[in-house]
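First the proteins, then the strands, lettered A, B, ... as listed; each starts at 1.
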Amino acid sequence: MPELPEVETVCHGLAPVLEGRRLTRVVAYRPDIRVPLPPDLGQRLTGRTVRAVERRSKYMLWRLDDDQVLIVHLGMSGSMRVYARNAPPIGAHDHVEFVTDRGAVIRFNDPRRFGLIVLSDRASLAHHPLLAEIGPEPLDPSFDGPALAARLKGRNGPIKAALMNQKIVAGLGNIYVCESLFRAGISPRRRAATVQGGRALRLIAAIQNVLRAAIAAAGSSLRDHRQTTGELGYFSHSFAVYDREGEACPGCTCDLAVNGGIRRIVQTGRSTFYCPQRQR
DNA sequence: CTACCATCCTGGTTGC
DNA sequence: TGCAACCAGGATGGTA
């Protein structure tokens, strides 16, 4: 599913066709996604102008001219596709279509239907249940090593689980947690509370570097992630450990047959990939 | 409060 | 080739 870099990529693709544009038509083809679409979505959006498209954690926020905010989450398999003209017929899993006054067509497609699209108003957005408890943005310059260390203090669970927790830090998912821990040389099994001082500095630097690199590569495509143009993201080629069980660690010089290469374990029901040699 | 588990749903891959 | 089992980028609500 889309993590922070994938959502950022989708925002970049949508902003130029949506910002300053009026929605002339909004159609819900399949309202029964994880959180059912508002039944009056079409009426509430039609005629509205989109002022800004922003990202918060893994959520997209479309700020409208009447102080409503459309909150969009892509779930595990959601995508937004933009057609300047000549959009093809509605396809399988196209659940919502937006048309702008310039004729651009935007389709929300989500095979697993884990995504959501809801409306909030601007005044209560920060207190919206979906957003209220989300932690700091990892790319915010004020989120540094000491800030991360403070949020990990007292946590007895593994650092992997803590980084997956959106209340501790926003926007990370399974891929970028694995990649960040590898870059920082920290074992995913290490107790979160022990990531302090220099380790926390290395970890926040690793998180920021891997996210920036992934955004520059338009995200990671395993199966579902697409840019709004339909193109793939290409950061998957840069994975050091994710989905590379048994392959040689890119940082180890020793023989693959000796150290066994990248290992896969399961933590809180999710696959974790790491190098036991380099991550302690 | 924290940690773990099952669950929502579809589709692709793997193994027999 | 066919089919069943398993796995997948997330979030949540329940339980211990």
Taken to the nearest whole Å, CD1/A/Ile33 to P/C/dG10 is 17 Å
Taken to the nearest whole Å, CD1/A/Ile175 to C1'/C/dA8 is 10 Å
Per nearest nucleotide of DNA chain C, the residue lying toward the 5' end, A/Arg34 or A/Gly269, is A/Gly269
Notebook entry, point to check: Distance check: side-chain N/O of A/Arg264 vs OP1/OP2 of C/dA8, anything under 4.0 Å?
Noted result: yes
Between CD1 of A/Ile71 and P of C/dA11 the distance, given in whole Å, is 14 Å
Under 4.0 angstrom, heavy atoms only, what part of the nucleic acid is A/Arg223 near: base, sugar-phosphate, or nothing? base
Practice problem: Scan A/Asn156 against the nucleic acid and name what it touches under 4.0 Å (heavy atoms): base, sugar-phosphate only, or nothing. | Solution: sugar-phosphate
Just wondering, are more than 12 heavy atoms of other shown residues or ligands nearer than 6.0 Å to CZ in A/Arg189? no
The first and last nucleotides of DNA chain B lying within contact of chain A, meaning any atom under 4.0 Å from one of its heavy atoms, run from B/dT2 to B/dG11
Between C/dA11 and A/Lys58, is there an OP1 or OP2 to side-chain N/O distance shorter than 4.0 Å? yes
In whole angstroms, the gap separating P of C/dG10 from CG of A/Leu131 amounts to 17 Å
Kindly indicate, with the supporting measurements, whether the criterion side chain to side chain contact (heavy atoms under 4.5 Å, CB included) is fulfilled by A/Arg155 and A/Ile168. CA-CA 10 Å; A/Arg155 296 235 143 217; A/Ile168 293 181; 3.3 Å; yes
Assign A/Tyr242 to base, sugar-phosphate, or nothing according to its heavy-atom contacts below 4.0 angstrom with the strands shown.
sugar-phosphate
Scanning all shown strands, the Watson-Crick or wobble mate of B/dC9 with both distances under 3.5 Å is none
Here the distance between atom P of C/dA8 and atom CD of A/Gln267, to the nearest Å, is 13 Å
**C/dA11 OP1/OP2 closer than 4.0 Å to side-chain N/O of A/His73** = yes
- Which part of the nucleic acid does A/Arg155 contact within heavy-atom distance under 4.0 Å: base, sugar-phosphate only, or nothing? sugar-phosphate
### Query
Given C/dA11, is OP1 or OP2 found less than 4.0 Å from the side-chain N or O atoms of A/Gln166?
yes
> Looking for any heavy atom pair under 4.0 Å, which part of the strands does A/His225 touch: base, sugar-phosphate only, or nothing?
Replying inline: base
ask   = Within the side chain of A/Thr194, is there an N or O that forms a donor-acceptor pair under 3.5 Å with the backbone of A/Arg191?
value = yes
Notebook entry, point to check: Does any donor-acceptor pair link the side chain of A/Arg112 with the base of C/dA8 at a separation under 3.5 Å?
Noted result: yes
Interatomic distance, OH@A/Tyr59 vs NE2@A/His73, rounded to 0.5 Å, equals 5.0 Å
Interatomic distance, OG@A/Ser187 vs OH@A/Tyr274, rounded to 0.5 Å, equals 5.5 Å
*asked:* Closer than 4.0 angstrom, basic N to acidic O: yes or no for A/Glu19 and A/Arg51?
replied: no
> For atom CG of A/Asn86, is the number of surrounding heavy atoms from other residues, nucleotides or ligands below 6.0 Å larger than 12?
Replying inline: no
*asked:* Is the phosphate of C/dG10 approached by A/Arg270 (side-chain N or O, under 4.0 Å from OP1 or OP2)?
replied: yes
Original post:
For A/Phe114 and C/dG10, is the gap between ring centres under 5.5 Å while the planes differ by less than 30°?
Top reply: yes
A/Asp243 CG to C/dC7 C1', in whole Å, measures 10 Å
* Asked: Judged by modelled atom types alone, do A/Ser77 and A/Asp110 share a side-chain donor-acceptor pair under 3.5 Å?
  -> yes
- Message: Mind checking if A/Gly173 touches a base, just sugar-phosphate, or nothing, with heavy atoms under 4.0 Å?
- Response: sugar-phosphate
(Q) Students often get this wrong, so: under 4.0 angstrom with heavy atoms, is A/Ser271 touching a base, only sugar-phosphate, or nothing? (A) sugar-phosphate
